[in-house]
Amino acid sequence: MVFAVWAARPGCLEPAHLDALRGAKTVGARHIEEYARQHAARLGAAALPESHYARYLRQTIRYGLDAYEREGMVEYLSRARALLGRDHDDEVAHVHFADAGYAPLRPGATAATPRSVAQILERARAGERISLREGLLLYDEAELLELGAVADARRAALHPEGVVTYIVDRNVNYTNVCTARCKFCNFYTPPSGKDGYVLSREVLAEKFRETEALGGVQILLQGGLNPELGLAWYEDLFRWTKANFSLRLHALSPTEVIHLANLEDLSVREVLIRLRAAGMDSLPGGGAELLHDEIRNRISPFKNTTDEWLEVMRQAHMLGMKTTCTMVFGFQETGDHVLTHLDRLRGLQDESLARDNGGCFTAFITWPFQADGTRLKLRDDTSAWRYLRLQALSRLYLDNIPNIQVSWPTLGPEIGEVGLRFGANDFGSVMIEENVVSQAGAHFMLTADQIEHHIRQAGFRPARRNMQYELLTRPGAQA
Ligand code: SF4
């Protein structure tokens with residue numbers, strides 16, 4: 001049930017109005033404790049503790065129209081329209097959700113007839129788009145092997161050459177100092193901590209040289225939200241990298257971009273334009289975890305919201321930049337949370353592809369939360385079984401994202417091989433270095449030879465690629 005919306009007739013709202021409304025929502029969300037205090041003060045002796053009102057505002061009410069809410073609204077409006085007799089087959093009506101595209105109202109809407117799992121899988125196999133409700137049914141009821149077989153059929157339809165790609169790059173974590181204190185993170189040190197580091201140019205140069213010597217084509221550069229590093233530090237670093245190395249920079253994450261925008265009092269767009277001018281080639285999809293604020297409030301309350309993460313990606317795509325997207329599971333999420341995450345990504349990709357300027361998601365990757373040493377005391381299913389289910393479901397739901405990567409660093413290369421038969425067409429990276437999931441319990445490392453071995457074992461021809469998924473080697477040629 002959606003209780004309140006900001007709505008306007010088509011054509012009334014300019015982009016500036018939308019920005020103002022988004023800004024008002026962000027400001028409101030930041031002042032929840034203050035509103036709770038004011039409300040308790042107004043009620044005086046009759047008031048409950050302030051924390052009660054704050055909890056209600058923060059946890060009971062949601063402030064976004066996520067996929068589930070949008071589906072509910074469309075259903076409600078379709079039925080209301082039918083009841084009012086405004087329902088003619090030749091009259092097409094749409095609701096336009098500002099951040100998520102158009103949804104048609106259904107003529108003659110009554111309670112929609114649920115399709116069976118088999119029917120939905122048949123449609124997905126034929127390449128038809130599945131709805132949120134259908135995705136939820138698959139999440140709840142589809143058998144693992146059926147889901148995998150249909151995801152494999154979709155993979156084969158999208159990538160019929162029998163080639164599985166991988167990239168040689170290096171994950172460099174330039175600083176571990178971070179103010180966000182995410183409960184699931186075992187990598188960061190607070191600014192006051194003794195173990196904080198920022199990698200020097202000498203250390204970076206050594207890592208970059210080593211990467212080039214190993215045939216690496218890219219640096220995946222990510223770090224914490226370090227309040228000591230301003231935008232100029234990144235611009236210098238990117239310019240220096242481009243001047244001295246022939247490596248592409250797949251750099252930062254929406255979370256780091258938002259941090260820089262806040263630090264410098266600039267818009268996200270301005271930060272992206274400056275970073276790109278300094279040498280940033282593409283933006284990785286880190287910091288998404290689960291794009292649902294119920295989960296985010298639980299696991300990373302000081303980090304960006306779902307809408308903020310998506311807005312950075314939207315702005316990057318508007319600038320023509322290529323990005324990737326991710327999903328981490330194992331936070332006691334429900335099917336609603338997972339499908340909302342996938343639906344928000346699919347909606348944004350639709351929007352970006354319609355712009356046709358080259359800016360879009362190139363790939364999606366999902367992996368299970370690694371709990372070792374983190375403050376998050378959750379017990380959830382992070383098994384290979386669930387990973388394979390979620391990856392296969394993602395292949396079917398994300399019909400507009402061309403590539404799916406397996407996550408062998410968290411589950412091992414053998415599961416990676418199996419993952420290639422559950423919708424994936426890419427074996428990720430050789431991971432010359434990785435510091436984040438490895439600190440929380442994932443310790444798998446592979447050479448290019450080993451990656452190619454696993455790809456062949458699964459029945460495919462290996463080929464190296466870059467971030468744009470252009471092939472750099474002849475498929476099947478030995479590494
Ligand atoms: S996940 Fe990223 S943003 Fe969160 S604490 Fe760790 S380094 Fe900081």
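Atoms within each ligand, like the ligands themselves, are counted from 1 in listed order. In this chain, numbering begins with 1 at the start of the sequence shown.
- To the nearest 0.5 Å, atoms CG (L398) and CE (M327) are separated by 8.5 Å.
- When heavy-atom distances to ligand 1 are checked against a 4.0 Å cut-off, C182 comes that close through both its backbone and its side chain.
- Near A180, meaning under 4.0 Å from one of its heavy atoms, ligand 1 places the atoms 3 (S).
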Candidate pair E294 and R298, rule salt bridge (charged side-chain N to carboxylate O under 4.0 Å, His left out), full reasoning:
CA-CA 7 Å; E294 270 176 13; R298 233 186 272 160; 5.2 Å; no
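- With ring centers used as reference points, W367 lies 6.0 Å or more from F329.
- With salt bridges taken as basic N to acidic carboxylate O contacts below 4.0 Å, none links D426 and R155.
- Of all the atoms in ligand 1, the ones that sit under 4.0 Å from a non-hydrogen atom of Y188 are 5 (S).
- Aromatic rings from W233 and Y174 are positioned such that their centres are separated by under 6.0 Å.
- Distances below 4.0 Å separate heavy atoms of R181 from the following atoms of ligand 1: 5 (S).
- Donor-acceptor pairing under 3.5 Å is lacking for the side chains of D195 and T189.
- Heavy-atom contacts of C178 reach the following atoms of ligand 1: 3 (S), 5 (S), 7 (S), 8 (Fe) (cutoff under 4.0 Å).
- Not one N/O/S atom of C185, from backbone or side chain, sits under 2.8 Å from atom 8 (Fe) of ligand 1.
- Regarding atom 2 (Fe) of ligand 1, its nearest protein heavy-atom neighbour is K303 NZ, 4.2 Å.
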